2 protein chains.
Amino acid sequence: MADHSLPEQIAAELRRDILRGKLVPGSPVKERDTALELGVSRTPMREAIRMLAQEGLVVLRPARSPLVADPPFDEVVDQLIVLQALEKLSGDLACKNATDADIAHIVDIAERMEATFYTADRLDSFETDMEFHMAIARASRNRALAETHHAYLARLWRIRYLTSRRRKNRAVVLEQHAKILDALRRRDRQALDGALEDHTGHLADDMRQLFELEET
Amino acid sequence: MADHSLPEQIAAELRRDILRGKLVPGSPVKERDTALELGVSRTPMREAIRMLAQEGLVVLRPARSPLVADPPFDEVVDQLIVLQALEKLSGDLACKNATDADIAHIVDIAERMEATFYTADRLDSFETDMEFHMAIARASRNRALAETHHAYLARLWRIRYLTSRRRKNRAVVLEQHAKILDALRRRDRQALDGALEDHTGHLADDMRQLFELEET
DNA sequence: ATTCGCAATCTGGTATACCAAAAGAGGTTG
DNA sequence: CAACCTCTTTTGGTATACCAGATTGCGAAT
């Protein structure tokens with residue numbers, strides 16, 4: 001248990017429950033009950049809840065139980081817009097600052113993803129996809145950027161996960177990744193910018209469809 | 001005391017002490033002692049320290065006292081790069097989405113700042129400057145963006161505060177703000193982009209000078 | 001004199017007890 | 001029958017007590 005601190009473990013546990021849908025969006029997360037359930041005291045539970053609030057997975061209310069977040073479409077779009085800007089900045093900086101080893105690492109992830117995309121568990125392949133994007137952010141060699149980018153990926157985790165199920169043509173994703181990789185290899189900032197914009201744009205389209213279906 | 005919660009008040013108190021230099025970068029912030037000093041218990045003090053850690057004003061160490069942050073130049077530059085990207089995105093979106101009331105509010109802040117810039121307490125006028133930039137971010141009508149932008153402003157608070165002392169010509173700031181306002185009024189995205197880039201760029205120059213002086 | 005080791009103590013992490021505010025249930029009254 | 005008031009219960013906020021790991025300083029042994 002030296003890995004992570006107790007609050008982090010609790011946060012990870014709750015995060016999984018939220019993303020997997022065990023904790024329904026809009027339902028309260030009472031610190032007493034939840035702490036008892038997990039066999040910890042309220043203090044680390046409190047801290048874990050604050051972490052998730054910071055990530056946007058729960059919303060705090062003054063003097064009330066925190067709620068599992070259930071962001072309306074507009075808010076998710078807002079977050080996606082920021083994510084897109086962060087990815088484009090990452091790409092731009094990566095073209096300038098990435099080492100060859102950085103790029104090789106990204107290629108490696110992409111190849112792994114391509115090889116297992118149709119056979120792997122959806123959750124696994126989804127995590128590989130996250131790794132891919134995080135590796136690009138890290139290749140910017142800007143720690144603050146990588147951290148903020150990671151926070152947004154985490155925040156959009158659930159909704160991206162849900163859209164990945166609905167996506168008819170998974171090949172499109174692989175193709176987009178290939179384009180991103182190609183531009184990055186050539187360190188072609190403009191091409192990379194376009195490829196990343198395209199990638200996020202498709203995600204926005206998928207999200208819109210998902211929300212429209214949910215309306216019913 | 002309905003304004004803010006106790007942890008927020010404590011955080012504000014500590015933040016002022018850090019920014020004013022009462023708490024020296026690199027020195028420990030012991031939660032017991034500090035809590036006793038402020039007449040509160042450790043629980044809200046803990047939370048306040050976590051807030052400041054999140055803002056980057058203190059750094060947490062496992063099983064050790066938190067330290068007042070003292071980030072190296074490179075890290076601050078990284079953060080400034082992200083802040084610049086967020087400001088440019090804010091400006092871009094604000095040109096599209098800001099209401100006339102939003103812009104009027106920004107004008108209001110700018111005028112207040114201009115009127116008191118030379119007479120007001122430096123920390124106060126600095127807070128007005130922050131309000132100005134935050135108002136622009138909020139005018140983007142993108143909550144996520146405004147929040148992340150705010151976090152970066154807070155993170156760069158100290159270093160910006162220090163540079164504001166060194167800046168020979170405060171009039172430059174007012175002039176830049178005027179340019180930003182003008183472009184925003186005309187909803188001229190390109191001009192606003194340039195003005196914001198210029199503003200942040202100057203800040204980077206000032207920062208560089210500050211760090212070079214500190215080296216000695 | 002130097003180094004190794006042990007113990008006192010300092011510090012953050014965790015559990016728990018207490019408090020005040022707010023929500024909900026139930027009864028009373030118009 | 002409905003609306004309102006009150007009392008109980010629930011819940012987060014705060015204070016405090018306890019614990020375990022780490023640091024440090026002193027002392028003993030080489």
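None of these values were measured; they are calculated from a predicted model. So that the names make sense, note that chain A is the first sequence line, chain B the second, and so on, each numbered from 1.
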Discussion item. Rounded to whole Å, please give me the gap between NZ in Lys30(B) and P in dT23(D).
Written reply: 14 Å
Worksheet item: Nearest 0.5 Å, what's the CD-CG distance between Gln79(B) and Leu145(A)?
Response: 11.5 Å
Discussion item. Would the distance check show the side chain of Arg61(A) and the main-chain N or O of Ser65(A) forming a donor-acceptor pair, the cut-off being under 3.5 Å?
Written reply: yes
Worksheet item: Looking at residues at least two apart in the chain, or sitting in another chain, which of them share a side-chain hydrogen bond (donor to acceptor under 3.5 Å, both in side chains) with Ser140(A)?
Response: none
Discussion item. How many whole angstroms separate atom CD1 of Ile49(B) from atom P of dT11(C)?
Written reply: 12 Å
Practice prompt. May I ask you to decide if Asp78(A)'s main-chain N or O and Arg143(B)'s side chain share a donor-acceptor pair within less than 3.5 Å?
Written response: no
Discussion item. Without decimals, in angstroms, what is the distance between Leu38(A) CG and dT14(C) C1'?
Written reply: 15 Å
Fill in: Nucleotide-resolved protein contact map, nucleotides 15-21 of chain D, B/S/- at heavy-atom distance under 4.0 Å
BBBB---
Discussion item. Could you tell me how far apart Gln9(B) (CD) and dT14(D) (P) are, to the nearest whole angstrom?
Written reply: 9 Å
Practice prompt. Would you classify Pro28(B) as touching base, sugar-phosphate or nothing, given that sugar-phosphate means primed atoms plus P, OP1 and OP2, and contacts are heavy atoms under 4.0 Å?
Written response: nothing
Item to complete: Please figure out whether Arg64(A) or Pro7(A) has its closest DNA chain C nucleotide nearer the 5' end.
Response: Pro7(A)
Discussion item. Donor-acceptor pair, distance only, cut-off 3.5 Å: does the side chain of Ser27(B) make one with the backbone of Leu23(B)?
Written reply: no
Discussion item. Checking salt bridge (Lys or Arg N to Asp or Glu O under 4.0 Å) between Arg42(A) and each of Glu37(A), Glu31(A), Glu47(A), which is the one that passes?
Written reply: Glu31(A)
Item to complete: Report which part of the nucleic acid Pro66(A) touches: base, sugar-phosphate, or nothing (heavy-atom distance under 4.0 Å, all strands).
Response: sugar-phosphate
Worksheet, complete the sentence: In Arg138(B), His150(B), His199(B), His149(B), the residue satisfying side-chain hydrogen bond (donor to acceptor under 3.5 Å, both in side chains) with His133(B) is His199(B)
Fill in: Atom-pair distance (CD1 on Ile10(B); P on dG13(D)), nearest Å
13 Å
Response to the item:
Here the distance between atom P of dT14(C) and atom CE of Met45(A), to the nearest Å, is 12 Å
Response to the item:
Glu31(A) atom CD is separated from dT14(D) atom P, nearest whole Å, by 11 Å
Worksheet item: dT10(D) P sits how many Å from Asp33(A) CG, rounded?
Response: 10 Å
